[in-house]
Amino acid sequence: QVQLVESGGGLVQPGGSLRLSCAASGSRFSIYAMGWYRQAPGKQREMVATITTGGNTNYADSVKGRFAISRDNFKNMVYLQMNSLKPEDAAVYYCNAKRLVIGVYHDHWGQGTQVTVSS
């Protein structure tokens with residue numbers, strides 16, 4: 001119903017920056033919010049940042065002030081600007097879209113893009 005494709009991951013040095021992009025296609029009309037989640041080896045997947053179609057944002061405490069999420073509703077794109085990257089930010093980053101249907105959120109996920117923070 002909804003297809004998500006991430007891009008922009010790669011290798012960056014500590015203190016560097018990357019911008020991730022996510023493109024949504026398919027049945028996009030009922031999307032309530034989009035966001036970014038990440039999963040590092042041996043850890044659970046965690047929310048990084050979310051944004052509603054109305055522009056309300058939410059950030060994990062660990063990235064607040066360093067990361068910024070933005071969206072282009074017309075193009076069905078969501079972005080994650082990551083600044084001052086730390087080694088602990090290294091993970092596979094997944095794009096997420098939520099559809100709210102009769103009080104139930106339906107999650108859609110991209111395939112993930114790897115972010116490596118290393119010297």
Side-chain angles (χ1 to χ4, degrees):
Q1 295 180 358
V2 178
Q3 295 82 46
L4 304 173
V5 179
E6 305 98 330
S7 62
L11 174 65
V12 65
Q13 295 181 348
S17 298
L18 283 174
R19 190 177 86 148
L20 306 183
S21 300
C22 175
S25 62
S27 301
R28 308 182 300 270
F29 300 101
S30 61
I31 293 176
Y32 170 75
M34 297 184 70
W36 293 93
Y37 293 69
R38 68 187 182 188
Q39 186 168 21
K43 296 183 178 180
Q44 298 291 319
R45 186 176 299 185
E46 64 175 348
M47 186 274 291
V48 177
T50 61
I51 185 167
T52 68
T53 54
N56 296 316
T57 59
N58 186 34
Y59 294 93
D61 289 341
S62 60
V63 307
K64 201 169 187 177
R66 298 188 296 119
F67 291 10
I69 189 170
S70 60
R71 79 301 189 277
D72 185 332
N73 288 335
F74 184 78
K75 294 183 177 180
N76 296 297
M77 297 282 293
V78 64
Y79 308 91
L80 184 68
Q81 179 66 46
M82 304 184 294
N83 299 321
S84 302
L85 282 162
K86 305 174 181 179
E88 48 264 45
D89 294 318
V92 176
Y93 284 70
Y94 297 90
C95 183
N96 169 265
K98 294 185 183 295
R99 298 172 63 235
L100 181 60
V101 182
I102 317 178
V104 178
Y105 287 100
H106 297 260
D107 285 295
H108 304 267
W109 299 94
Q111 82 289 345
T113 184
Q114 184 168 298
V115 172
T116 302
V117 185
S118 176
S119 298

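Treat the numbers as computed from the prediction; the structure is a model and nothing was measured.
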Look up atom [atom1] in [X] and atom [atom2] in [Y], then write down how far apart they are to the nearest 0.5 Å.
{"X": "Gln111", "Y": "Glu6", "atom1": "CD", "atom2": "CD", "answer": "4.5 Å"}
{"X": "Cys22", "Y": "Leu80", "atom1": "SG", "atom2": "CG", "answer": "10.5 Å"}
{"X": "His106", "Y": "Ile31", "atom1": "NE2", "atom2": "CD1", "answer": "13.0 Å"}

Restricting to non-hydrogen atoms, name the atom on [X] and the atom on [Y] that form the minimum distance, rounded to 0.1 Å.
{"X": "Ser17", "Y": "Asn83", "value": "OG-OD1, 2.9 Å"}
{"X": "Tyr59", "Y": "Ala49", "value": "CD2-CB, 3.6 Å"}
{"X": "Thr52", "Y": "Arg71", "value": "O-NE, 3.8 Å"}
{"X": "Met77", "Y": "Ser21", "value": "CE-CB, 4.1 Å"}
{"X": "Leu4", "Y": "Ala24", "value": "CD2-CB, 3.6 Å"}
{"X": "Met47", "Y": "Thr50", "value": "CG-CG2, 3.8 Å"}

query: Do His108 and Asn96 come close enough that some side-chain heavy atom pair is under 4.5 Å?
result: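 No, their side chains stay 4.5 Å or more apart.
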
message: Do Asn76 and Ser25 have side chains that approach each other closer than 4.5 Å (heavy atoms only, starting at C-beta)?
response: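 The answer is no; the side chains never approach within 4.5 Å.
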
Do [X] and [Y] belong to the same hydrophobic cluster, where Ile, Leu, Val, Met, Phe, Trp and Tyr are linked whenever their side-chain heavy atoms lie under 4.5 Å apart, directly or via other members?
{"X": "Val78", "Y": "Val5", "answer": "no"}
{"X": "Tyr94", "Y": "Leu18", "answer": "no"}
{"X": "Val117", "Y": "Leu20", "answer": "yes"}
{"X": "Ile51", "Y": "Val63", "answer": "yes"}
{"X": "Ile69", "Y": "Met34", "answer": "yes"}

- prompt: Within a reach of under 6.0 Å around CD of Glu88, are more than 12 heavy atoms found that belong to other residues, nucleotides or ligands?
  reply: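 Yes - once you tally the heavy atoms of other residues, nucleotides and ligands closer than 6.0 Å, there are more than 12.
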
query: Does Tyr32 OH have over 12 foreign heavy atoms under 6.0 Å away?
result: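 Atom OH in Tyr32 is not packed in, count stays at 12 or less.
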
Whether Tyr37 and Trp109 hold their rings parallel, tilted or perpendicular, with breakpoints at 30° and 60°: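 Tyr37 and Trp109: perpendicular rings.
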
- prompt: With Arg45, which residues qualify under salt bridge (Lys or Arg N to Asp or Glu O under 4.0 Å), at least two apart?
  reply: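 Expected list: none.
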
Hydrophobic cluster of Val101, others only, ordered by chain and residue number, side-chain cut-off 4.5 Å: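 Listed partners: Ile102.
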
- request: For the pair Val115 and Met82, evaluate side-chain contact (heavy atoms from CB on, under 4.5 Å) and give the outcome as yes or no after the intermediate values.
  value: CA-CA 10 Å; Val115 172; Met82 304 184 294; 3.8 Å; yes

query: Distance-only, no hydrogens or angles: does the Glu46 side chain make a donor-acceptor pair with backbone N or O of Arg38 under 3.5 Å?
result: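 Between the backbone of Arg38 and the side chain of Glu46 there is no qualifying donor-acceptor contact (under 3.5 Å).
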
query: Quick check: does any side chain N or O of Gln39 sit under 3.5 Å from a backbone N or O of Ala91, one acting as donor and the other as acceptor?
result: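 Pair absent, no side-chain N/O of Gln39 close to backbone of Ala91.
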
From CA spacing to verdict: side-chain contact (heavy atoms from CB on, under 4.5 Å), Phe67, Leu85: CA-CA 9 Å; Phe67 291 10; Leu85 282 162; 3.8 Å; yes

